[in-house]
Number of protein chains: 2
Amino acid sequence: MVTMSDVAKAAGVSAMTVSNVLNGHPHVSEETRRRVTEAVERLGYRMNVAARNLRSGTTGVIGLAIPDVDQPYYGRLASLVIAEAARRGYRVAVEQTGASREGEAQAVANSRLRMYDGLIIATVELGDEDAAGVFAGFPVVALGERISEAHVDHVGMANFEGARDATLHLVERGCRRIAAIGGRTEGETGAATLRTAGYLAALDEAGVPRDDALLVPCPFNLAGGAEAVRQLAADGVPFDGLMCLTDAMALGALRGLADLGRGAPGDALVTGFDDIPQAAFAVPSLTTVAPGHAEMVTAALELLTERMAGRRAEDEARNVTGPHRLVVRESTGG
Amino acid sequence: MVTMSDVAKAAGVSAMTVSNVLNGHPHVSEETRRRVTEAVERLGYRMNVAARNLRSGTTGVIGLAIPDVDQPYYGRLASLVIAEAARRGYRVAVEQTGASREGEAQAVANSRLRMYDGLIIATVELGDEDAAGVFAGFPVVALGERISEAHVDHVGMANFEGARDATLHLVERGCRRIAAIGGRTEGETGAATLRTAGYLAALDEAGVPRDDALLVPCPFNLAGGAEAVRQLAADGVPFDGLMCLTDAMALGALRGLADLGRGAPGDALVTGFDDIPQAAFAVPSLTTVAPGHAEMVTAALELLTERMAGRRAEDEARNVTGPHRLVVRESTGG
DNA sequence: TCGCTCGTTTTTAACGATAAAAACGCTGGC
DNA sequence: GCCAGCGTTTTTATCGTTAAAAACGAGCGA
């Protein structure tokens with residue numbers, strides 16, 4: 001095992017000088033720098049991370065708390081976070097929380113053991129009441145749902161705007177009776193409520209009358225979407241457009257339409273939200289709102305590295321919203 | 001920040017004694033143990049991982065090298081590894097290799113920085129020639145493909161036996177002309193070749209004649225499966241069973257059949273391999289070989305923890321094969 | 001020649017934990 | 001009363017790195 005002193009000896013300088021060279025500190029002559037670099041190379045020296053960590057307090061590791069990497073959306077996020085972190089010289093330790101409050105608390109606790117330089121928490125059961133205490137003084141960024149208005153940096157997606165765009169798109173293509181599959185106006189201020197709000201705003205903006213019968217709450221999955229469409233038909237509610245709050249529900253809605261002997265885009269236009277891989281391969285392929293996942297992750301790491309570098313005051317929590325883009329495919333007539 | 005000495009002072013003992021209590025070492029009186037535990041509790045002491053790492057050389061972190069967590073199979077694996085490692089008190093740092101040789105080499109290099117106590121490498125571009133050098137003296141387990149016969153522990157899946165079982169199942173249900181979609185007898189000794197070998201062995205065993213026209217190489221994805229079926233029909237090769245080397249290809253094959261106006265299980269029986277989630281939801285649902293992913297991961301961590309504890313000699317590389325199970329669904333007549 | 005500055009390098013002293021060795025206190029045999 | 005033997009606890013000495021302070025040496029004006 002080659003240590004820093006070994007390198008120092010080989011280069012004829014002190015260990016501290018080697019440290020200075022390796023960390024790019026100023027006040028090192030060009031000649032010395034060259035000699036040290038050469039010795040490092042020759043001996044195959046690799047810095048001992050533990051020692052550096054002990055002395056300087058940084059590990060080069062970022063924690064990522066998500067419910068389960070084996071879920072399309074979170075897997076995607078994890079993949080992007082790992083790649084973007086690697087680009088910045090960090091490694092990522094993934095903590096699976098099982099979407100439980102204890103799991104998330106555990107992840108935060110591990111972070112505070114100084115195991116991680118910072119934490120990205122990509123779902124949130126922890127609430128505002130936890131935020132002030134648990135996260136205080138530690139670099140944390142919430143990705144996706146928001147934890148706390150005041151205490152934690154947050155990167156979100158354009159839930160309101162995306163749903164609004166999708167709805168306006170349907171209106172432009174001639175829809176006048178647009179159902180919001182999964183829509184709900186009450187409950188926590190999560191993605192569902194925001195997307196529903198975007199839908200309503202678009203209707204108002206376009207001068208299309210609202211109708212509460214067109215708000216169809218349902219489970220956020222394939223079966224939920226299918227069932228919601230069946231429900232609408234059974235209730236005799238006429239519709240010519242389906243603004244689904246997620247792609248999964250949209251795919252279910254397509255199946256539901258098929259079961260009724262109808263189809264998109266012939267009998268009704270359909271939009272989704274998320275742009276999951278299957279959306280492009282469905283029959284008909286699905287028009288959907290693509291949130292800028294990559295941009296969200298980049299923004300999250302930007303905020304986090306700023307915090308880790310201590311470049312921002314404790315209390316000014318920032319809030320960033322990622323870009324979004326409407327991807328028009330067959331389900332709304334290509 | 002509460003240190004061990006703070007706890008020691010509070011409990012009226014030395015730091016070493018606190019260390020002994022915390023690590024469950026013998027020769028600590030019950031009374032002392034109680035006092036120390038109480039002080040730890042009261043002060044909210046958390047061990048500094050970096051210091052322990054520096055002194056003892058362990059980090060409590062396992063590296064996991066995979067191509068990309070955002071791929072169904074690898075996401076599944078990662079999820080299981082993280083959960084199983086957590087159960088054993090380890091955290092997992094995920095390194096994405098992009099399935100490249102450099103990526104994998106990078107992951108191994110990071111491990112050797114003493115960042116990780118061990119490494120699970122779940123795909124392999126590194127070959128036998130790398131194995132002896134790169135992995136020597138560091139706890140590594142290959143999960144899935146094998147790196148090296150002689151130098152690295154390996155947990156694999158029952159490629160041969162699974163394909164054999166699937167083929168025998170088709171024969172039992174009356175098939176006599178079974179095509180191996182994706183089959184190939186040449187190339188590296190990867191999963192594809194092993195599964196093909198299992199297919200051929202089953203045919204011989206059941207006394208069903210081989211036919212090279214029924215070996216249809218193709219890309220290992222949806223499109224590949226669909227194309228292979230189209231090819232068979234175009235070539236006028238008769239078949240009554242399709243043993244597909246992966247579920248993705250099997251789903252493609254179902255689509256291919258549909259495009260020809262045929263269907264499973266009516267016109268041909270179809271089997272897959274992997275038991276991906278979609279297999280159960282396809283129409284018809286897919287009969288497939290389910291490799292025991294969970295058992296494979298458990299075995300991998302068992303091997304790895306043994307290595308990490310230094311309980312096994314350097315050179316005796318072990319090789320474990322996970323269990324498998326044929327899941328019979330609609331595509332072979334339920 | 002003597003300070004004095006300034007850029008560079010070394011010295012010193014941790015960071016917080018633990019392995020190994022030394023010390024301690026107690027019992028019991030001679 | 002002395003000491004060996006035993007179980008428990010403390011001392012000592014790092015692990016490899018880095019912050020902070022001290023030291024060094026060349027250049028320069030007085």
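Quick note: numbers below take in every heavy atom, side chains included, and nothing from hydrogens, waters or symmetry partners. The chains referred to below are lettered A, B, ... by the order of the sequence lines, with proteins before strands, and numbering in each begins at 1. Every value quoted in this text rests on a predicted model; they were computed, and no experiment measured them.
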Is any side-chain N of the basic residue among A:Glu31 and A:Arg35 closer than 4.0 Å to the acidic one's carboxylate O?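 Answer for the salt bridge query: yes.
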It should be established whether [X] places a side-chain nitrogen or oxygen under 4.0 Å from OP1 or OP2 of nucleotide [N].
X: A:Arg52; N: D:dT18; result: yes
X: A:Thr17; N: C:dT10; result: yes
X: B:Thr32; N: D:dT9; result: yes

Starting at atom [atom1] of [X], determine the distance to atom [atom2] of [N], rounded to an integer number of angstrom.
X: B:Asn48; N: C:dA14; atom1: CG; atom2: P; value: 17 Å
X: A:Lys9; N: C:dT10; atom1: NZ; atom2: C1'; value: 15 Å
X: B:Asn20; N: D:dT11; atom1: CG; atom2: P; value: 14 Å
X: B:Asn23; N: C:dA20; atom1: CG; atom2: P; value: 14 Å
X: A:Leu54; N: D:dA19; atom1: CG; atom2: P; value: 12 Å
X: B:Asn53; N: D:dT14; atom1: CG; atom2: P; value: 20 Å
X: A:Met16; N: D:dA22; atom1: CE; atom2: C1'; value: 13 Å
X: B:Arg33; N: D:dG7; atom1: CZ; atom2: P; value: 16 Å

Under 3.5 Å, is there an N or O donor on one side and an acceptor on the other linking the side chain of B:Arg55 and the base of C:dA19?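 When only heavy-atom distances are counted, B:Arg55 does not reach the base of C:dA19 through any donor-acceptor pair under 3.5 Å.
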Identify whether any heavy atom of A:Ser14 sits under 4.0 Å from a base atom; if not, whether one sits that close to sugar-phosphate; answer base, sugar-phosphate or nothing.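 Base contact.
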Are side-chain heavy atoms of [X] and [Y] found at a separation under 4.5 Å?
X: B:Asn48; Y: B:Thr3; answer: no
X: B:Met157; Y: B:His324; answer: no
X: A:Met4; Y: A:Ser19; answer: yes
X: B:Val2; Y: B:Val7; answer: yes

Pick the closest DNA chain D nucleotide for B:Ala51 and for B:Val28 by heavy atoms, then say which residue is nearer the 5' end.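 Closer to the 5' end of DNA chain D: B:Val28.
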Given D:dT8, C:dG16, D:dT18, the nucleotide with the shortest approach to the side chain of B:His27: D:dT8
